[in-house]
Amino acid sequence: MGRYDELMSLSLRRGFLLPSAEIYGGLAGFYDYGPYGARLRRNWEDLWLAFFLQLGDNYHLVDTPTIQPHVALEASGHVDLFADVLVPCTQCKETHKADELIQAATGTSGEGMDVEQVRQAIREEGIVCPNCGGRLGEPTAFHLMFPVAIGPKGDEQAFLRPETAQGAYLGFKRAFEILRKRLPLGLAIVGRAYRNEISPRQGAYRLREFHQAELQIFFDPEGFDALLSLEELENTTLRLMWATHRDEVAMPTLGTLLEQGDLPPFYLYHMAKVQAFYLDTLQVPPEAFRFYELSEEERAFYNRIHFDVQVALESWGGFQEVGGVHYRTDYDLSRHQDRSGVKMTVFHDGRRFVPHVLELSFGVDRNVWAMLDLGYETGEKAVLHLPPRLAPVTLGVFPLVKKDGLPDMAEGLYREARTWIEASYDASGSIGRRYARMDEIGTPYCITVDYDSLEQDDVTLRDRDTTKQARVAVKNLRGTLQGLLEGTTDFDAL
RNA sequence: GCGGCCGUGGUCUAGCGGUCAGGACAGAGGCCCCCCAAGCCUCUAACCCGGGUUCAAAUCCCGGCGGCCGCACCA
């Protein structure tokens, strides 16, 4: 079985990621999160929020609708950029983008043409398939955004949002007021976004409904660098692949990059923070992580600097994008200012200007999948090595045997644990089998009540990754677990 | 979207015109009472959907849905 199938099988058996509407044959590009998957994703989002909101003392979580008005997405550029008229060839079956066909045939741009205009242009210019010279078929409109009709007559046009970012831009002015006009201002949104992908595939990699975790940092381009403590990061090694050197991952220190001056200090600072999130918090092995610079042709025109965050997975056959660090300048706020007529300028440090935006953007579903792939060990025993705080269940509670009052004590501990942590009680099958069940969903710790427990009021605490055990007094259990989860307690010291 | 391959209990699969549709693992109950998937007994549970061919379809044909791969797409 390939790695992808292995993970999909785990996912189905244990309930991480499941085909949506499966009883009706499924719906391509849509997945359910099962009982453990939903918890895993939530835990990932919580870790993300805790980490990234800490980057500034004026960074906040907001939430905005998933339906956005046509006019806003027109201003952002999505209506134009996300719409294509496609023309199939009747002979070779190749599908062509109409604007490219028309550009090639007439030398003038075919962008923005509707289906009727394209049909007319093909007829008048006698355009044939550039591939095989065959006759072109019926042009069809294809939109990467899902249109939504609002109101009883459905005459108010809107779209499902193609990214969460726009919500932060639309709400910037109010948030800036509410938060007492301070820069930098960070607005984080964790939520769903939608793209009508032509061919969704590969499980969580390309979904039509997906989750993003994005932090939009609004800042003064002239004063941001000075606010960041770069000194302590100077020796940090960044793992990155330049657009000009796609053959190897470079590992310069941040100090070196500062001296070279190609990337602004604020940008480097945030790269270091993003990398720390992956290597330290998510425990991604360094060699499986890199920043990947997009060349000028590859990146969107409004991104002045664009590095993708990539993680290498066996199920993806190598590095794939899980996030991005985008310096979007004042493009977004300026566009909305122009279109809405509402001033987006701020008065700050004696100057009036439109704030610039640094966007830290992450695809949650891809990241959750990455955690499964990086953590899942198969073979003699199946163990999901998730960082403890990410695990859907934190504690397994078992009685060693199902008699002599052991289940009573274990159930009591389980109920107590549930008040502050995700716990699971299991008395069925052998003790080894119960450990194995917990191992496969990534539960980091299990406690077992044995005969000594009844006498001494303690339990054995077992570590998932080492299978080592330690005896812990019941009264110390909560403190010990908290220490382990926070990383302040070392299991071997117990 | 085009082309190729594929769709059998929860998972992995055997069966490829007539089978009580078999197995392994998982799950439930029981015996056992055990600190790393032990063993034994019992049980639960499947042919993706719709049409067609045929005396007879999981098996052949058509369509749909879904999955993987390649191409295209990926602000």
Side-chain angles (χ1 to χ4, degrees), chain A residues 1-2 4-6 8-15 18-30 34 73 76-84 86-97 100 131 137 140 142-145 162-163 165-166 193 195-203 205-208 294 298-303 306 308 315 317 320-321 324 326 328 361 363 380-383 396 398-404 406-407 427-440 446-453 459-464 466-469 471:
Chain A
M1 210 192 301
Y4 175 84
D5 295 323
E6 219 164 65
M8 234 24 236
S9 172
L10 167 73
S11 208
L12 292 168
R13 271 182 298 114
R14 299 303 195 190
L18 308 165
S20 191
E22 194 181 9
I23 61 169
Y24 287 108
L27 191 58
F30 298 87
L73 291 162
S76 70
H78 287 91
V79 170
D80 285 340
L81 288 167
F82 270 31
D84 279 315
L86 300 178
V87 188
C89 169
T90 55
Q91 252 175 50
C92 69
K93 306 290 185 196
E94 180 103 1
T95 304
H96 304 281
K97 292 171 81 170
E100 285 170 7
N131 231 31
T140 51
F142 182 77
H143 215 294
L144 213 53
M145 289 195 289
E163 60 175 14
Q166 293 304 323
R195 292 179 199 178
N196 196 2
E197 297 285 354
I198 296 178
S199 150
R201 244 182 239 177
Q202 298 145 3
Y205 193 74
R206 184 162 304 165
L207 301 171
R208 287 184 167 136
L294 269 68
E298 290 168 326
R299 65 181 186 248
F301 65 91
Y302 52 78
N303 279 332
H306 181 161
D308 277 344
S315 64
Q320 293 283 353
E321 175 192 0
H326 313 134
R328 299 174 72 132
S361 169
E380 195 75 356
K381 287 187 177 179
V383 184
F398 319 134
L400 182 62
V401 296
K402 226 188 304 186
K403 61 177 188 182
D404 300 328
L406 268 55
S428 120
S430 71
I431 189 75
R433 182 180 296 273
R434 285 176 260 159
Y435 285 137
R437 286 187 189 120
M438 286 293 110
D439 284 346
E440 201 176 21
C446 294
I447 56 173
T448 299
V449 170
D450 58 19
Y451 285 101
D452 291 338
S453 302
V459 292
T460 60
L461 176 66
R462 181 248 196 197
D463 177 66
R464 176 196 66 202
T466 60
T467 76
K468 282 184 186 162
Q469 290 184 332
R471 276 207 101 78

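Because only heavy atoms are used, hydrogens play no part in the values below, and waters and symmetry mates are left out as well, while side chains stay in. Within every chain, numbering begins at 1; the chains are lettered A, B, ... in the order of the sequence lines, protein sequences first and strands thereafter.
- For A:R14, the salt bridge (charged side-chain N to carboxylate O under 4.0 Å, His left out) partners are A:E440, not counting sequence neighbours.
- For the residue pair A:S315 and A:Y205, no side-chain donor N or O sits within less than 3.5 Å of a side-chain acceptor on the partner.
- Residues meeting the salt bridge (charged side-chain N to carboxylate O under 4.0 Å, His left out) test with A:R437, sequence neighbours left out: A:D426.
- As rounded to the nearest Å, B:G52 and B:C20 have C1' atoms that lie 28 Å from one another.
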- Note on the structure: B/S/- along nucleotides 6-12 of chain B (protein heavy atoms under 4.0 Å) is -----SS
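- For the pair A:H143 (side chain) and A:M145 (backbone), a donor-acceptor distance under 3.5 Å is present.
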Dump the pairs, protein N or O against N or O of nucleotides 71-74 of chain B, anything under 3.5 Å, distances to one decimal.
{"residue": "B:C71", "atom": "N4", "partner": "A:R201", "partner atom": "NH2", "Å": "3.4"}
{"residue": "B:C73", "atom": "N3", "partner": "A:R206", "partner atom": "NH1", "Å": "3.2"}
{"residue": "B:C74", "atom": "OP1", "partner": "A:K97", "partner atom": "NZ", "Å": "3.4"}
{"residue": "B:C74", "atom": "O2", "partner": "A:R206", "partner atom": "NH2", "Å": "2.3"}

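- Tested against A:D439 for a salt bridge (Lys or Arg N to Asp or Glu O under 4.0 Å), the candidates A:R462, A:R464, A:K381 yield a single pass: A:R462.
- When both pairing distances are held under 3.5 Å, B:G9 makes no Watson-Crick or G-U pair with any nucleotide shown.
- If you check B:C60 for Watson-Crick or wobble pairing at under 3.5 angstrom, you find it paired to B:G52.
- By the side-chain hydrogen bond (donor to acceptor under 3.5 Å, both in side chains) test, A:D450 pairs with A:S453, A:R471, sequence neighbours left out.
- At the heavy-atom level, A:G324 lies nowhere under 4.0 Å from the strands shown.
- B:C69 and B:A28 have their P atoms separated by 34 Å, with the value rounded to a whole Å.
- Every residue two or more places apart in sequence or in another chain that forms a side-chain hydrogen bond (donor to acceptor under 3.5 Å, both in side chains) with A:E298 is listed here: A:R246, A:S295.
- Mapping A:S428 and A:E163 onto RNA chain B via the closest heavy atom, the residue that lands nearer the 5' end is A:S428.
- Rounded to the nearest Å, the gap between the C1' atom of B:U54 and that of B:G3 is 32 Å.
- Annotation: ring pair (Phe, Tyr, Trp, His ring centres under 6.0 Å) contacts of A:Y24 (sequence neighbours excluded): none.
- Taking A:S76 as the reference, A:H78 meet the side-chain hydrogen bond (donor to acceptor under 3.5 Å, both in side chains) condition, with sequence neighbours excluded.
- Evaluation of the side-chain hydrogen bond (donor to acceptor under 3.5 Å, both in side chains) rule for A:D404 yields A:Y451 as partners, not counting sequence neighbours.
- Taking the C1' atoms as reference points, B:G64 lies 16 Å from B:C6, given to the whole Å.
- Considering only residues two or more places apart in sequence or on other chains, A:R434 meets the salt bridge (charged side-chain N to carboxylate O under 4.0 Å, His left out) condition with none of them.
- One distance of note links CG of A:N196 with CZ of A:F82; it measures 11.0 Å at 0.5 Å rounding.
- A:Y4 comes within contact range of the sugar-phosphate backbone alone, with a heavy-atom separation under 4.0 Å but no base atom that close.
- Atom NZ of A:K403 and atom P of B:C32 are 8 Å apart (whole Å).
- Spacing of P atoms, B:A45 relative to B:A21, comes out at 14 Å, to the nearest Å.
- Heavy-atom nearest nucleotides on RNA chain B were determined for A:Y24 and for A:H78, and the one closer to the 5' end corresponds to A:Y24.
- Pair assignment for B:G39: B:C31, on the basis of Watson-Crick or G-U wobble contacts that are both within less than 3.5 Å.
- Pairing of B:C16, defined by two Watson-Crick or G-U wobble distances under 3.5 Å, is not identified with any nucleotide.
- With a cut-off of 3.5 Å on both pairing distances, the Watson-Crick or G-U wobble partner of B:C68 is B:G4.
- In this structure, A:R208 atom CZ and B:C65 atom C1' are separated by 13 Å, rounded to whole Å.
- Taking atom C1' in both B:C12 and B:G4, one finds a spacing of 24 Å when rounded to whole Å.
- Look at the P atom in both B:U8 and B:C60: the space between them is 14 Å, to the nearest Å.
- B:A21 is unpaired under the Watson-Crick or G-U wobble criterion, no partner having all donor-acceptor distances under 3.5 Å.
- Taking atom P in both B:G70 and B:A26, one finds a spacing of 34 Å when rounded to whole Å.
- Atom CD of A:E6 is separated from atom P of B:C68 by 16 Å (rounded to the nearest Å).
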- Per-nucleotide protein contact along nucleotides 35-46 of chain B, 5' to 3', at a 4.0 Å heavy-atom cut-off (B base, S sugar-phosphate only, - neither), is BBBS--------
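- A straight line from CD of A:Q202 to C1' of B:C68 spans 9 Å, rounded to a whole angstrom.
- Residues passing the salt bridge (charged side-chain N to carboxylate O under 4.0 Å, His left out) test with A:E6, sequence neighbours excluded: A:R3.
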